[in-house]
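Worksheet: the structure to be examined is printed underneath.
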Amino acid sequence: MQINQEKLNREKIHVLNKLVSHYGIQNWWSEENRIKDWVSMILIQQTTQANVDKALINLESYLTVRQLHELDEETLQSLIRPAGFYKQKSQYIKALMKWFIDHGESFDKFDEYTDKELRIELLSIKGVGPETADAMMLYLFERKVFIGDQYAIRLFGSRILSVDGPLALL
């Protein structure tokens, strides 16, 4: 049975509106320093928020693109150690900063990218998987996408969600 895509979109919006009306706007990843939010999206992988907060306190004086890019890897590893998997995550942070520098260090530049193009770009960065790419698109690049993580898939089931790409709300 094929369900009309327009009907699915209406269902998604209805569910999301009910969640917002019940829980309110969550303001996740709403730091004034977007680089701090970006780094935290890497650090949160496979750990707790408490551990991420410890690592972010250590990183506080290095939270610019250039400083993170120029920071030697051993120092970065020691700073983010509380978040776990510090060797991998230091490589991911370095790859993310290099990618951003290579693309002109401006979030505004990506306004001309379609959602699909931006997602493909983000997925090309070492350490950025589908869930992290979607979170970046939503919170940093202000795209109207739904993060189809494992919790959402369990909550809504495969009837409403497709995990093949970002789940555009409109």
Side-chain angles (χ1 to χ4, degrees), residues 16 19-20 23-152 163 165-170:
L16 291 173
L19 288 169
V20 169
Y23 292 106
I25 304 290
Q26 298 298 300
N27 294 317
W28 289 1
W29 288 306
S30 59
E31 286 286 330
E32 192 171 315
N33 179 351
R34 292 165 92 182
I35 303 307
K36 183 176 183 178
D37 282 338
W38 217 358
V39 169
S40 73
M41 289 178 187
I42 298 296
L43 294 176
I44 195 66
Q45 297 172 4
Q46 304 293 318
T47 195
T48 65
Q49 188 62 49
N51 290 337
V52 170
D53 291 341
K54 291 173 189 172
L56 288 172
I57 288 168
N58 293 345
L59 282 172
E60 195 63 43
S61 59
Y62 300 99
L63 289 172
T64 69
V65 174
R66 287 291 168 177
Q67 286 174 310
L68 288 167
H69 181 67
E70 293 169 5
L71 195 61
D72 70 271
E73 201 154 335
E74 284 183 23
T75 302
L76 180 57
Q77 288 174 3
S78 70
L79 294 170
I80 66 170
R81 189 179 195 116
F85 299 96
Y86 58 91
K87 290 183 179 182
Q88 289 174 325
K89 291 177 183 181
S90 67
Q91 293 174 7
Y92 301 165
I93 291 167
K94 289 290 202 177
L96 188 60
M97 296 304 113
K98 181 182 181 326
W99 177 86
F100 197 53
I101 288 169
D102 290 349
H103 286 81
E105 292 182 67
S106 171
F107 286 99
D108 295 336
K109 178 192 183 232
F110 296 96
D111 290 346
E112 57 197 54
Y113 283 61
T114 66
D115 289 349
K116 183 177 181 177
E117 292 168 334
L118 178 57
R119 190 168 196 271
I120 289 168
E121 279 285 330
L122 292 170
L123 289 170
S124 75
I125 304 166
K126 184 176 184 171
V128 176
E131 183 178 336
T132 303
D134 292 345
M136 291 175 177
M137 289 179 66
L138 178 64
Y139 294 107
L140 296 171
F141 294 95
E142 301 174 352
R143 301 299 178 99
K144 293 181 179 181
V145 298
F146 185 86
I147 303 168
D149 63 5
Q150 291 303 309
Y151 302 109
V163 295
L167 303 166
L169 299 180
L170 299 176

Show your working on side chain to side chain contact (heavy atoms under 4.5 Å, CB included) between Y62 and L76 and close with a plain yes or no. CA-CA 9 Å; Y62 300 99; L76 180 57; over 6 Å; no
May I ask you to check whether K126 and Q91 show a side-chain donor-acceptor distance below 3.5 Å? yes
Please report whether the ring centroid of W38 lies less than 6.0 Å from that of F100. yes
Ignoring hydrogens and geometry beyond distance, is a side-chain donor-acceptor pair present between D72 and T75 at under 3.5 Å? yes
Shortest non-hydrogen contact from Y113 toward H103: OH-CD2, 3.8 Å
Who are the salt bridge (Lys or Arg N to Asp or Glu O under 4.0 Å) partners of E70, not counting sequence neighbours? none
State, with a plain yes or no, whether a side-chain heavy atom of D115 is found less than 4.5 Å away from one of L118. no
Nearest atoms (heavy-atom pairs only) where T114 meets R143: C-NH1, 3.4 Å
Under the side chain to side chain contact (heavy atoms under 4.5 Å, CB included) criterion, do L96 and M136 qualify, and how do the steps go? CA-CA 11 Å; L96 188 60; M136 291 175 177; 4.2 Å; yes
V145 and L138: which non-hydrogen atoms are nearest, and at how many Å? O-CD1, 3.5 Å
Only residue of D37, D134, I147 satisfying side chain to side chain contact (heavy atoms under 4.5 Å, CB included) with Y139 is I147
What are the two closest heavy atoms between L122 and A133, and how far apart are they? CD1-O, 3.7 Å
Mark yes or no for whether K89, through its side chain, and G127, through its backbone, hold a donor-acceptor pair below 3.5 Å. no
